[in-house]
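All values below were derived from every heavy atom in this structure, side-chain atoms included, with hydrogens, water molecules and symmetry-related copies excluded. Order of the sequence lines sets the chain letters (A, B, ...), proteins ahead of strands, with each chain counted from 1.
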There are 2 protein chains.
Amino acid sequence: MPLLLLKDLPRYECLLEAAKSFPDLDPSATEVFLNLLRTGDEVFRVADQNLAQHNISQGRFTVMMLLLDKIENCPQPRTPAELADMAGVARATMTGLIDTLERDALVKRAPDPVDRRMMSICLTAKGEALMHTILPAHFQIMAKLMAPLSEAERKTLVRLLTKVLQCAGELAVPGGASPAGPAVAIKAPAAH
Amino acid sequence: MPLLLLKDLPRYECLLEAAKSFPDLDPSATEVFLNLLRTGDEVFRVADQNLAQHNISQGRFTVMMLLLDKIENCPQPRTPAELADMAGVARATMTGLIDTLERDALVKRAPDPVDRRMMSICLTAKGEALMHTILPAHFQIMAKLMAPLSEAERKTLVRLLTKVLQCAGELAVPGGASPAGPAVAIKAPAAH
DNA sequence: GGCGCATAGTTAGGAGGCTAACTAAAAGCG
DNA sequence: CGCTTTTAGTTAGCCTCCTAACTATGCGCC
């Protein structure tokens with residue numbers, strides 16, 4: 001539950017009024033902007049409530065998801081740097097996440113035998129078991145959240161969101177463009 | 001920049017594959033879910049980058065926005081409790097926000113003369129000036145972010161998001177329903 | 001009038017974000 | 001070979017979010 005946003009979104013007429021004072025204010029753009037952030041926040045909250053029951057934050061969940069994917073797909077280790085890049089957080093943040101996950105015996109650090117600067121992170125049996133406990137409910141929640149939308153509406157929503165996402169990507173700090181590696185996470189588990 | 005999410009969203013085929021292992025996984029629902037959170041996060045980031053240049057976080061911005069609204073509309077004071085409710089954060093969080101805002105001379109605390117438990121928070125001249133410096137760029141960013149969407153697409157997007165938001169509201173902790181007070185913030189400034 | 005409860009705000013402690021600075025190891029290069 | 005640069009990870013310090021506990025004030029009610 002991280003974000004801080006207006007609990008009650010302003011009515012559209014208020015935006016129209018406000019636009020009189022601020023010529024730069026685009027009422028319909030503002031409306032979409034606020035709704036997007038508000039809805040994202042609320043959806044995040046709902047998903048988080050489930051995870052929190054198992055003392056798992058969204059950050060911890062993402063890390064464990066990436067490691068679970070590793071177990072079920074590829075034997076090569078994950079380093080903290082790799083995890084940080086995939087999750088989109090700073091390396092220092094990943095260090096902290098791994099610290100608490102390791103404290104709770106959900107993941108393990110092991111030094112890389114070849115390059116002694118590197119570490120290998122992997123799920124413990126406990127961590128893997130926890131994921132298999134949590135995931136079904138997590139998937140059900142996502143399904144419930146989107147239940148009011150028809151398949152056609154879902155496609156439309158994704159299409160519109162993608163437009164905005166692309167635009168946001170271009171608007172973000174001009175220097176920080178990543179050439180987009182292969183898609184990660186929830187990658188087709190083979191066994192199981 | 002608070003949220004932690006997958007930087008690269010999984011491809012749809014991967015979700016289909018994963019669904020074979022997890023019967024609860026609804027691929028299209030998951031796709032919308034991930035896109036929604038990812039887009040919300042990215043849009044948030046872009047808006048935050050602008051505010052951060054003035055050393056203003058989203059939380060601080062929301063508080064100052066609520067106080068600015070007060071100045072331009074109604075003379076009655078805002079208490080920390082009121083601000084916390086409107087912003088949707090815990091009161092302790094609001095105390096912290098006001099602490100740092102007051103330290104930076106952007107807002108002022110004043111004791112309520114009638115009820116000595118209460119405080120009145122208001123913007124300083126410096127805080128108000130800062131807001132009028134920041135807002136035009138902020139509005140422009142929202143407009144740019146939504147530029148790729150036509151008016152019709154914006155309406156559709158808001159409609160779909162609202163459906164999800166309602167659903168999420170119903171799915172959230174059963175006990176925590178707020179009867180939705182009047183819309184707040186960016187409420188039609190009269191002068192200016 | 002005073003006891004107990006409700007309310008406003010703060011304090012304390014924890015988690016997870018960030019940047020910047022640091023250590024250690026590897027790699028590049030004259 | 002040895003010096004510099006790059007890279008991996010951690011550490012330190014800050015901010016914002018949370019819950020739980022605490023203080024002080026106001027209010028209801030006998």
Side-chain angles (χ1 to χ4, degrees), chain A residues 1-5 7 41 44-45 48-49 51-64 77-104 106-107 109-121 173 176, chain B residues 1-5 7 41 44-45 48-49 51-64 77-104 106-107 109-121 173 176:
Chain A
M1 302 83 147
L3 228 56
L4 177 151
L5 246 64
K7 218 170 157 185
D41 190 42
F44 175 82
R45 258 191 170 79
D48 209 51
Q49 276 179 15
L51 302 181
Q53 290 172 6
H54 304 275
N55 197 27
I56 293 296
S57 69
Q58 187 78 28
R60 307 181 93 189
F61 179 75
T62 302
V63 173
M64 293 176 72
R78 294 274 193 235
T79 66
E82 214 178 338
L83 291 172
D85 284 351
M86 287 193 282
V89 298
R91 297 195 176 173
T93 302
M94 191 50 65
T95 296
L97 278 173
I98 294 170
D99 280 350
T100 66
L101 283 169
E102 192 172 32
R103 182 203 56 196
D104 295 349
L106 297 172
V107 310
R109 275 186 177 94
D112 184 299
V114 180
D115 188 334
R116 280 188 296 166
R117 288 170 306 180
M118 293 203 282
M119 304 292 291
S120 288
I121 313 298
V173 278
Chain B
M1 301 86 147
L3 229 56
L4 181 151
L5 246 64
K7 216 170 158 187
D41 191 41
F44 176 80
R45 257 190 170 78
D48 211 51
Q49 275 180 15
L51 302 181
Q53 291 173 4
H54 304 275
N55 197 26
I56 293 298
S57 69
Q58 188 76 31
R60 306 181 93 189
F61 180 75
T62 302
V63 173
M64 292 176 71
R78 294 275 193 235
T79 67
E82 214 178 337
L83 291 172
D85 285 350
M86 287 192 281
V89 298
R91 298 197 175 173
T93 301
M94 191 50 65
T95 296
L97 278 173
I98 295 171
D99 280 349
T100 67
L101 282 170
E102 191 171 32
R103 182 204 55 196
D104 294 349
L106 297 172
V107 310
R109 275 184 175 94
D112 185 300
V114 180
D115 188 334
R116 279 187 299 164
R117 287 171 307 178
M118 295 205 279
M119 305 291 291
S120 288
I121 313 297
V173 278

Checklist line | Contact pattern, 5' to 3', of nucleotides 7-14 of chain C - B, S or - by protein heavy atom under 4.0 Å | finding: BSSBB---
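Although no hydrogens or angles enter the test, the distance criterion places no donor-acceptor pair under 3.5 Å between the side chain of B:Thr93 and the main chain of B:Val89. In terms of modelled atom types and a separation under 3.5 Å, the side chain of A:Arg60 and the main chain of A:Thr100 share a donor-acceptor contact.
Applying the 4.0 Å criterion to OP1 and OP2 of D:dA24, one finds that B:Arg116 has every side-chain N and O outside that range. For B:Ser57 and D:dC15, the shortest distance from a side-chain N or O to OP1 or OP2 is not below 4.0 Å.
When the P atom of D:dC15 is taken as reference, atom CG of B:Asp48 falls 15 Å away, rounded to whole Å. Taking atom CE of residue A:Met86 and atom P of nucleotide D:dA8, one finds them 13 Å apart after rounding to whole Å. Straight-line distance from the CD atom of B:Gln49 to the C1' atom of C:dT19: 15 Å, rounded to whole Å.
Atom-to-atom distance recorded for A:Asp41:CG and B:Asp41:CG is 11.0 Å, nearest 0.5 angstrom.
We find that B:Arg117 and B:Asp112 are not joined by a salt bridge, their nearest charged nitrogen and carboxylate oxygen being 4.0 Å or further apart.
With sequence neighbours excluded, the residues forming a side-chain hydrogen bond (donor to acceptor under 3.5 Å, both in side chains) with A:Asp99 are A:Arg109, listed by chain and number.
Contact check for A:Ile121 versus A:Thr79: no side-chain heavy atoms found under the 4.5 Å cut-off.
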